[in-house]
Every structure is written in structure tokens, then in C-alpha cells.
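Take a look at the structure below.
A, B, ... follow the sequence lines: proteins, then strands. Residue 1 opens every chain.
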Protein chains: 2
Amino acid sequence: MGTAEIIDKLKQNNLRVTPQRVAIFEAIYALNNHPTAENIISQLQKNHPYISTGTVYKVLDTLVASKLLIKVKTEKGILRYDPVLSTHHHLYCLETDRIEDYEDDEFDEIINAYFESNKIKNFQIKEIKLQITGNFKTN
Amino acid sequence: MGTAEIIDKLKQNNLRVTPQRVAIFEAIYALNNHPTAENIISQLQKNHPYISTGTVYKVLDTLVASKLLIKVKTEKGILRYDPVLSTHHHLYCLETDRIEDYEDDEFDEIINAYFESNKIKNFQIKEIKLQITGNFKTN
DNA sequence: ATAATTGCAAAAGCTTTGCATGGCC
DNA sequence: GGCCATGCAAAGCTTTTGCAATTAT
């Protein structure tokens, strides 16, 4: 995702293009692994040391509201942000804070078919995500 | 879950039986719907107004560490606690804070069979949970 | 008896807010 | 020009921590 694409995305969503927004977006792509706000702020220190903490949170909220980012739930209660917008699942490491995306269209089809014929009583499903917990193999 | 059962559970896990621990356990069962620490503290006000906030958090940590409770992730970054220990999934309401348990053995078997024959590269699965987001039907 | 738990209050995160300043369209 | 976004610092909320006093075993 290059700068031009980021600018396009902002414009498409009727968001003003500011250097802060572009920089924050770039930082998230550079980090590439579900960064926390804290991670993003550290990353910004490198090239944009003057972006303030409050702005980072405000921009993240804006981007989430415009669905350019997704918030990822964590057990620790710290918010993390994910720029991958297509439906996908997450692999959570039991031992570290690592979180990876997991995409599997075949599996999604199985799930959808299952819930199509096994509707949940009193509940209208909008989206299904897996939290897959375990360990990354190091070899 | 009666008081006697709670006491048993604590003993079985080599935890000392204190009035605070029992009361907190009872509060969680009384609330019955993935309460936050805040919810638990309010509930305790009714019958045990002298249990301090710090103690509640410490007890919750202890119970989670002993696997008598499970932490539930939320998008808002607030921790919630669930006394249901069997493997189960969660239904998240898009519009309110409501979270319900969803158990489905048939579905669990399908998932397990799927990942048995479609192992994830470099990842050892320990547990799979669904986050099902949508709306509760009011009728 | 002794080791663990509680209570209290202070502090530590992380995140939000308000308002004046500055920048985008 | 007008409105929106930013910066800064202060405040908010939830959660954690330290230590002395108390309680369970």
C-alpha cells in the first residue's frame, strides 16, 4: 500500500487528507502485525516525531468509524488495529502477543452453509470470526 | 451453583475459602451474563458492601489463573468474566453490550474434523472459539 | 504458627476530552 | 472562508500495586 493509495482511500471515504492520517496509515502497514496504539506511536517517532498521542487516537477512531481499520479484541484488554478488511480470522499465540491473520475461503463456506441450515434461535448473524489459539511452530 | 458447590470448587483448586471469594463467585452467577468487574462490584454492594475494589480484581485474577473463570474479550477493551468453562462460543450483539454463550457440539465436531485434515502451516491449534456478531431478535 | 488474603489508597496504564491553533478543501 | 483536524495537557476509567492488618488452614 503506497502513499498514493492511502490518499485515495481517504478521499474515497470523504476524509480530509492530512499528513498525520497518511503517516498513521503508513505506520500500520509498516508494522504489519496488528499493532497497538502504543506500537503505532513508537513507529511514528522514527519519521514523524511530532504527531501527538491524542491525534493518533483520534485518527484511529476516525479510521475505524470509516471502516478503513478494524479493532482486534485481545484478552489483555488492549486495543489493536488491523488494516486487513476482508473477512478473516485470527491466530493468537498462547505464549506471546503475536497475532496473525488467517484467511480460508473454503472454511468460510463450510461455516456459512452450516449456519444457513442451522439458524441460531433469536439471533441474526452478521459476521463470524474465529479466534484460533495455540502456538506458532518455530522450525 | 450453590454456596456449598462454590466452596468445593475452591477447595478442589487449593484455594483458600474466604467470604470474599465466595461472594464474588455468587455475584458472577447471579449476574449470569459475562459481567465486567464493574458489574460485579455493583452486585456485591447489595450484600457485601465492604469488599474492596482491589480485592475484586485480585480474586478475579486468582480465579482466572485457576481456570474457574474465563476472560472474555470485548471490542471496547473492557474485560468481562464468564463462569462457563466448557468450550463454547459467543454471540455479540452489534447494538448493545449483550453477550450470550453459544454451545454447539455438532459444529465443534465439524470444525475439529476440518482442521484435522487442513492443518494450519506453522501453527499448533489449542482451541477454537467463534465470535458471532449480529443482532438478537426481539420477538 | 505461618502463609495467604484483604483493605486501602496511591499509582499506573491506556484512552478520551476540551479548547485554542493551524491546515485542508 | 469555513470547517475540520491537530496539539497539548489535563482528566477519566479501569486495573494494578504495595504494604500493613487480618484471616484461613
Side-chain angles (χ1 to χ4, degrees), chain A residues 3 6-28 34-45 47-66 68-69 71-81 97, chain B residues 3 6-28 34-45 47-66 68-69 71-81 97:
Chain A
T3 306
I6 291 172
I7 292 174
D8 275 357
K9 275 210 168 193
L10 291 171
K11 284 185 179 165
Q12 280 163 26
N13 286 272
N14 293 317
L15 296 174
R16 288 194 180 175
V17 178
T18 67
Q20 291 85 346
R21 286 177 175 173
V22 173
I24 289 167
F25 232 125
E26 283 176 339
I28 293 170
H34 310 85
T36 62
E38 165 69 24
N39 296 151
I40 295 165
I41 292 164
S42 304
Q43 174 71 16
L44 288 170
Q45 293 302 315
N47 300 311
H48 306 272
Y50 301 116
I51 298 179
S52 75
T53 303
T55 299
V56 172
Y57 282 100
K58 283 172 191 164
V59 169
L60 291 172
D61 281 352
T62 304
L63 296 178
V64 169
S66 295
L68 293 176
L69 290 181
K71 281 189 185 181
V72 180
K73 307 173 209 300
T74 74
E75 214 121 0
K76 313 268 166 66
I78 293 175
L79 299 178
R80 296 171 62 157
Y81 297 87
D97 289 337
Chain B
T3 307
I6 290 172
I7 293 175
D8 275 358
K9 275 212 168 192
L10 291 170
K11 284 187 179 163
Q12 281 164 25
N13 286 273
N14 294 315
L15 296 175
R16 290 193 178 176
V17 178
T18 67
Q20 291 85 347
R21 284 176 177 173
V22 174
I24 289 167
F25 233 125
E26 283 176 338
I28 293 170
H34 312 84
T36 62
E38 164 69 22
N39 296 150
I40 295 166
I41 292 164
S42 305
Q43 174 72 15
L44 288 170
Q45 293 301 315
N47 299 312
H48 307 271
Y50 301 115
I51 298 180
S52 75
T53 303
T55 299
V56 172
Y57 281 101
K58 283 173 190 164
V59 169
L60 291 173
D61 281 352
T62 304
L63 296 178
V64 169
S66 294
L68 294 176
L69 291 180
K71 282 189 185 179
V72 180
K73 309 173 209 296
T74 74
E75 216 125 358
K76 314 265 165 67
I78 294 177
L79 300 178
R80 296 171 63 158
Y81 296 87
D97 287 339

### Message
Between N39(A) (side chain only) and T36(A) (backbone N and O only), is there a donor and an acceptor less than 3.5 Å apart?
### Response
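Pair found, side chain donor or acceptor close to backbone of T36(A).
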
### Message
Given 3.5 Å as the limit, does a donor-acceptor pair link the side chain of R80(B) with the main chain of H34(B), or not?
### Response
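Yes, the answer is positive, given that a donor and an acceptor are paired below the 3.5 Å cut-off.
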
Roughly how far apart are [X] [atom1] and [Y] [atom2], rounded to 0.5 Å?
X      : Y      : atom1 : atom2 : result
D8(A)  : T3(A)  : CG    : OG1   : 11.0 Å
I6(B)  : I24(B) : CD1   : CD1   : 11.0 Å
L69(B) : T62(B) : CG    : OG1   : 10.0 Å

Just the rounded figure in Å: distance from [atom2] of [N] to [atom1] of [X].
X      : N       : atom1 : atom2 : result
I51(A) : dG7(D)  : CD1   : C1'   : 11 Å
N39(B) : dC13(D) : CG    : P     : 16 Å
L79(B) : dC13(D) : CG    : P     : 17 Å
R21(A) : dG7(D)  : CZ    : C1'   : 14 Å
Y50(B) : dG7(C)  : OH    : C1'   : 14 Å
L60(A) : dT6(D)  : CG    : C1'   : 14 Å
I40(A) : dC14(C) : CD1   : P     : 13 Å
L63(A) : dC4(D)  : CG    : C1'   : 15 Å

### Query
Which sits closer to the 5' end of DNA chain C, G54(A) or E38(A), going by the nucleotide each is nearest to?
E38(A)

### Query
For R80(B) and K58(B), take the nucleotide of DNA chain D holding the closest heavy atom to each; which residue's nucleotide lies nearer the 5' end?
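Here R80(B) is the residue nearer the 5' end.
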
### Query
In residues 10-18 of chain B, which ones come under 4.0 Å of DNA chain D, going by heavy atoms?
R16(B), V17(B)

### Task
Examine dG7(C): is either OP1 or OP2 under 4.0 Å from a nitrogen or oxygen in the side chain of Q20(B)? Give yes or no.
yes

### Message
Whether Y57(A) contacts dT15(C) is assessed here as follows: a side-chain N or O lying under 4.0 Å from the phosphate OP1 or OP2. Is that the case?
### Response
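For dT15(C), OP1/OP2 do have a side-chain N/O of Y57(A) under 4.0 Å.
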
### Query
Does some side-chain heavy atom of T18(B) sit less than 4.5 Å from a side-chain heavy atom of L10(B)?
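A side-chain contact under 4.5 Å is absent here.
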
### Message
If I compare all heavy atoms of V56(B) with all of L44(B), which pair ends up nearest, and what's the gap?
### Response
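Minimum heavy-atom contact is CG2-CD1, 3.8 Å.
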
